[in-house]
Amino acid sequence: MSTEVVAPAPEARTVPFYRTLTRYARDPVRAFEEAGKQANGELVRLNMGPFKPYLVTHPDHVQHVLRINWSNYVREGMFWDPLKPLLGDGILSDGTGWQESRKILQPLFTAKYVDSLTERMAEILTEQIQETIRPGERFNVVTAVSQIVHPTIVRLFFGDKISRDDIAQLVPAYDTAVTSKAIRLVLPFVPGKVPLPGDKAFERSVKTINEVAYARISEIRSRANDDRDVVSFVCRARNHEIGEIGAKKIRDDIVAMHGASTETSATALTWVWVALDAYPDVAARVYEEIDRVVGGDPISPAHLPELRYLRMFINELLRLYPAGWLLPRMAVKDDVIGGVKIKAGSTVMISSYLTHRLPEFWDRPLVFDPERFAPENEERRNRYAYFPFGGGPHQCLGQHLFMMEALLLVGGILSRFRPVVHTSVPVTPRLASSLRPNQNFEMTLVPVERA
Ligand code: HEM
């Protein structure tokens with residue numbers, strides 16, 4: 001038997017994050033970027049005074065947390081707990097509630113089912129674009145994209161079982177619910193019991209969401225149907241769950257999935273216009289491809305396989321602006337990652353935003369270059385150097401659906417219009433649970449002249 005004594009793993013280096021946050025008080029995402037540079041792939045602790053989360057950015061360490069030892073890193077703690085009344089105990093939680101929901105929802109996201117939704121999605125998107133955008137007139141991009149994406153997903157999920165009035169209530173309520181807790185991201189050590197600005201707005205919006213969701217769920221459950229919409233599917237899958245417990249489980253599945261799908265998609269699709277404006281050479285290639293593949297026809301699912309460059313563009317967009325940019329976890333037991341000790345009960349923060357900008361894994365990381373995602377360049381990459389949709393057992397279920405949505409929306413708009421963005425200062429990310437732009441910038445869509 002070996003008598004060798006193994007030395008305990010050393011503590012992680014601490015980065016004085018509080019000072020950086022104070023320096024970039026108006027731009028906390030920039031403070032994270034600075035901390036990422038100081039860490040340079042090393043696993044560090046961010047000193048935020050009473051709170052010192054670990055910051056995990058190296059792809060091998062990300063893989064450890066998301067996949068290899070994933071069950072030790074749960075979605076609980078000071079980042080997740082305040083959102084519990086919105087997200088519930090299903091697909092965006094952990095443990096048995098999550099496991100059950102994942103099993104129920106997974107069949108909804110097979111390529112076959114998603115493809116069957118694509119036709120309907122193309123129709124709804126076309127209607128929403130026509131309703132929202134007046135060609136030749138300036139409009140607010142953040143609001144317009146949300147007004148297109150949000151009802152599209154709601155209508156796709158609920159089928160014809162949701163009224164315009166319900167949608168008009170749900171959309172702003174979700175928007176408030178996912179943004180009103182942002183302040184807790186920079187003050188995560190403030191206990192939930194201590195009120196902060198935004199708490200009341202959060203409670204009101206959750207109440208509105210619950211009222212609409214429970215009413216529709218109750219209607220759908222009361223009459224058996226074999227409709228293909230997502231809510232009917234979930235109700236059928238849970239028809240052995242009865243009474244209030246069943247209704248709550250269905251509500252948690254629907255509301256959490258709704259939250260996971262709309263905020264991320266709308267945020268990602270807002271950055272499209274910023275990138276097209278900032279990179280005219282890339283934009284010219286996108287326009288050329290759409291003109292060639294779609295031309296003046298209404299966009300349809302049949303065009304999508306041919307939109308190869310647009311797909312690469314969207315992948316690069318999600319590299320520099322990953323909507324789900326911060327994935328917090330809580331360590332259940334002590335662990336060691338990359339030779340560094342992780343203490344039980346502490347917060348571990350994974351940030352795709354920082355990993356996607358590491359110079360060790362990305363050549364010229366700040367340059368927007370869709371060629372990185374050309375098929376011949378994809379294989380050389382470390383799997384966890386790029387994870388806009390997370391990884392391991394919690395990997396995003398909507399990845400394929402999002403790509404369909406992005407190609408249909410961007411291809412549908414650009415086959416008819418050229419965007420002119422109006423900004424006086426660069427659009428940069430601002431701190432929220434998703435990576436939103438820091439300003440409500442405007443744009444005009446100019447109709448494309450076709451011979
Ligand atoms: C740009 C669009 C999207 C991005 C960037 C994104 C990103 C992510 C990320 C990073 C996760 C992992 C969360 C974690 O590990 O804690 C996730 C999970 C999830 N996403 Fe997405 N997502 C997008 C669109 C969608 C869409 C359209 C849907 C559904 C229609 C969806 C449904 C889900 C669900 C249900 C989960 C939870 C999976 C689980 O924990 O088992 N997402 N997403």
Side-chain angles (χ1 to χ4, degrees), residues 56 62-63 65-67 70-71 73-77 79-80 83 87-110 113-114 117-118 121 125 145 149-150 152-158 178 229-231 233-234 252-272 311 314-330 347-353 355-356 384 386-410 433-436:
V56 174
V62 173
Q63 182 178 25
V65 176
L66 291 183
R67 196 167 75 81
W70 69 278
S71 57
Y73 295 94
V74 292
R75 293 190 290 202
E76 286 172 25
F79 285 99
W80 290 94
L83 294 174
L87 304 177
D89 302 307
I91 191 68
L92 282 180
S93 67
D94 248 309
T96 49
W98 162 75
Q99 225 165 14
E100 209 180 278
S101 288
R102 179 107 190 167
K103 216 164 115 201
I104 283 188
L105 296 176
Q106 204 134 26
L108 269 174
F109 294 94
T110 54
Y113 190 84
V114 171
L117 291 178
T118 311
M121 189 189 246
L125 269 175
V145 172
V149 167
H150 226 119
T152 301
I153 303 239
V154 177
R155 289 175 63 190
L156 198 67
F157 276 15
F158 285 87
V178 295
D229 63 84
V230 172
V231 182
F233 176 97
V234 174
D252 287 356
D253 285 338
I254 306 295
V255 172
M257 204 163 43
H258 185 166
S261 54
T262 47
E263 172 66 9
T264 44
S265 307
T267 306
L269 293 169
T270 303
W271 290 106
V272 166
R311 202 176 276 265
I314 298 289
N315 283 329
E316 176 68 342
L317 193 77
L318 292 175
R319 182 182 71 84
L320 277 178
Y321 306 104
W325 70 297
L326 202 59
L327 303 179
R329 296 288 197 262
M330 195 186 78
T347 299
V348 171
M349 297 212 286
I350 296 178
S351 172
S352 49
Y353 184 79
T355 304
H356 292 177
Y384 282 86
Y386 182 67
F387 58 101
F389 296 102
H394 285 299
Q395 164 119 19
C396 176
L397 282 169
Q399 192 169 341
H400 190 51
L401 189 68
F402 169 72
M403 193 47 97
M404 298 294 126
E405 182 189 11
L407 298 178
L408 289 169
L409 183 138
V410 181
S433 54
S434 74
L435 198 72
R436 291 187 160 208

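Source: prediction; values computed, not measured. Counting starts at 1 for both ligands and their atoms, following the listed order. Only heavy atoms go into these numbers, but all of them, side chains included; no hydrogens, no water, no symmetry mates.
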Undergrad: Heavy-atom contacts under 4.0 Å between R329 and ligand 1: side chain, backbone, both, or neither?
TA: side chain
Undergrad: Can P388 be said to touch ligand 1, with heavy atoms closer than 4.0 Å?
TA: yes
Undergrad: Heavy-atom distances under 4.0 Å are what count here, so tell me which part of R102 touches ligand 1: side chain, backbone, both or neither.
TA: side chain
Undergrad: R319 vs E316, test: salt bridge (Lys or Arg N to Asp or Glu O under 4.0 Å). Steps then yes/no.
TA: CA-CA 5 Å; R319 182 182 71 84; E316 176 68 342; 2.8 Å; yes
Undergrad: Among Y73, F109, F402, W80, whose heavy atom sits nearest atom 1 (C) of ligand 1?
TA: F402
Undergrad: With heavy atoms of L92 as the reference, note each atom of ligand 1 found under 4.0 Å away.
TA: 37 (C)
Undergrad: Run down the list C396, P328, S101, G390 and name the one with the heavy atom closest to atom 18 (C) of ligand 1.
TA: C396
Undergrad: Using the ring of each side chain (for Trp, its six-membered ring), is H258 parallel, tilted or perpendicular to F157, with breaks at 30° and 60°?
TA: perpendicular
Undergrad: Could you see which bit of Q399 sits under 4.0 Å from ligand 1, with heavy atoms only: side chain, backbone, both or neither?
TA: neither
Undergrad: Is the contact between L105 and ligand 1 made by the side chain, the backbone, both, or neither, using heavy atoms and a 4.0 Å cut-off?
TA: neither
Undergrad: Specify side chain, backbone, both or neither for L401, according to which of its non-hydrogen atoms lie closer than 4.0 Å to ligand 1.
TA: side chain
Undergrad: Would one find an N or O of R75, backbone or side chain, under 3.5 Å from an N or O of ligand 1?
TA: yes
Undergrad: Assign the ring pair H356 / F387 to parallel, tilted or perpendicular, where the plane angle (0 to 90°) is split at 30° and 60°.
TA: perpendicular
Undergrad: Looking at non-hydrogen atoms alone, which of T264, V149, L397, T262 comes nearest to atom 3 (C) of ligand 1?
TA: T264
Undergrad: Give the residue, atom name and distance (to 0.1 Å) of the protein heavy atom nearest atom 27 (C) of ligand 1.
TA: S261 CB, 3.6 Å
Undergrad: Mind checking whether W98 has an N or O less than 3.5 Å away from an N or O of ligand 1?
TA: yes
